[in-house]
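Take a look at the structure set out below.
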There are 2 protein chains.
Amino acid sequence: MTAWRGGRCYGAGVSASQPVRGTRVRGTRQAEALASALECLAGFRSAQDIHAELRRRGERIGLTTVYRHLMVLSEDGAVDTIRDEDGETLYRRCETSEHHHHVTCRSCGRSVEVEGRAVELWADRVAAEAGFVDVDHTVEIFGLCPACAAK
Amino acid sequence: MTAWRGGRCYGAGVSASQPVRGTRVRGTRQAEALASALECLAGFRSAQDIHAELRRRGERIGLTTVYRHLMVLSEDGAVDTIRDEDGETLYRRCETSEHHHHVTCRSCGRSVEVEGRAVELWADRVAAEAGFVDVDHTVEIFGLCPACAAK
DNA sequence: CCGATAGTGAAAACCGTTTTCATGCTTTCC
DNA sequence: GGAAAGCATGAAAACGGTTTTCACTATCGG
Ligand SMILES: [Mn+2]
Ligand SMILES: [Mn+2]
Ligand SMILES: [Zn+2]
Ligand SMILES: [Zn+2]
């Protein structure tokens, strides 16, 4: 698969997936470098981790730009985000467009995407019983992956 | 029910639920005021909200103290904590000692405690299938409560 | 090339939370 | 009662991840 390219405008008021009429999208060195890094990294990583990784590779890119692209990619569903126990946001390339959750390693960040009709049904039922509407849920599973558990 | 009293030492190395031999627990005006506020507040609130509420009631208490007590209370299982979408920690008096989750109103913070054998089993199964050990999970459901939905 | 303008990034602001530390309060011991 | 011991308090400062600012740069249609 070719590296991700293109993107969207950063300007205010732009929220549709299509660029606003009269605007253009520019491919930049930085966007491509980030996409390529996300392609390689196995698990969930913080923005600062990813930035450090890019620098390690010799890329010239600012932390602000990493944050900006990650924000857009996650809005577009191209990367998943979770919050670790310290409240730090972690990012990882998303592998499916279906609704899903993760089993993530606390130690190395490695993550497996899982789908589960059972939880979805449970969440909807429980919320309905409480009389709540416009319902939404977060489900994250953390543990030690086989590799980290072996240590 | 009488207001919560007692507590635990703040010193390092104290983690048991029983006070360390030779130390005593002090009931302070501030601890009591916080307990009483938690008793009244219906839903999940931020530490700053709770502090503001206490000040509104005329209590003289510092924000640091509110944070300190909430931290201890949550470690002891007397209050539940969740993270809102901005990553801010919200607190609420816990009503049960059983493992449980919440259906929480995005708008007013009102929350219902729910237990669900189904999710617990699902989480354990999914993690085991991925070969993860020492597993743990977070499950939170958000929506609009009946009152807020009516508006 | 040029001009319009989206993208970049160093530095500063933001903001919830934690740490510091001097000053209270209780409790304990005499 | 008095004094010493040490937990509790809270204003102020530090912390750290993230966002904002804004002057500058790079891209690309024409
Ligand atoms: Mn789900
Ligand atoms: Mn559970
Ligand atoms: Zn691992
Ligand atoms: Zn509500």
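Letters A, B, ... are given to chains in the order of the sequence lines, protein chains preceding strands, and every chain is numbered from 1.
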In whole angstrom, give the distance that lies between atom [atom1] of [X] and atom [atom2] of [N].
X	N	atom1	atom2	result
B/Glu59	D/dG10	CD	P	11 Å
A/Ile61	C/dG7	CD1	C1'	11 Å
B/Leu70	D/dA8	CG	P	15 Å
A/Glu75	D/dT19	CD	P	10 Å
A/Ile50	D/dT18	CD1	C1'	14 Å
B/Asp86	D/dG17	CG	P	18 Å
B/Leu54	D/dG10	CG	C1'	14 Å
A/Asp84	D/dG17	CG	P	10 Å

Is it true that B/Arg117 and B/Glu115 make a salt bridge, defined as a side-chain N closer than 4.0 Å to a carboxylate O? no
Does B/Glu32 pair with B/Arg29 as a salt bridge, N-O distance under 4.0 Å? no
Using only side-chain N and O atoms of [X], determine if any of them is under 4.0 Å from OP1 or OP2 of [N].
X	N	answer
A/His51	C/dG9	no
A/Gln30	D/dA26	no
B/Thr28	D/dT9	yes

Will you find, in the side chains of B/Gln30 and B/His69, an N or O donor that is under 3.5 Å from an N or O acceptor? no
B/His69 side-chain proximity, nearest of C/dT8, D/dG10, D/dT9: D/dT9
Letter per nucleotide, 5' to 3', of nucleotides 15-22 of chain C [B base touched, S only sugar-phosphate touched, - untouched; heavy atoms, 4.0 Å]: -SBBB---
Go through the structure and list residues passing side chain to side chain contact (heavy atoms under 4.5 Å, CB included) with B/Val119, not counting sequence neighbours.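 Partners of B/Val119 under the side chain to side chain contact (heavy atoms under 4.5 Å, CB included) test: A/Val119, A/Trp122, B/Val139.
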A/His102 vs A/Phe44 aromatic rings, parallel, tilted or perpendicular, using cut-offs 30° and 60°?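 Ring orientation, 0 to 90° scale: perpendicular.
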Side chain of B/Arg92, backbone of B/Ser111: donor and acceptor closer than 3.5 Å?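 Checking the backbone N and O of B/Ser111 against the side chain of B/Arg92, a donor-acceptor pair under 3.5 Å is found.
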Main chain of B/Cys40, side chain of B/Arg93: is a donor-acceptor contact present, judged purely on distance under 3.5 Å?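 Checking the backbone N and O of B/Cys40 against the side chain of B/Arg93, no donor-acceptor pair under 3.5 Å is found.
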Any base atoms under 4.0 Å from B/Arg83, or only sugar-phosphate, or nothing? Heavy atoms, all strands. nothing
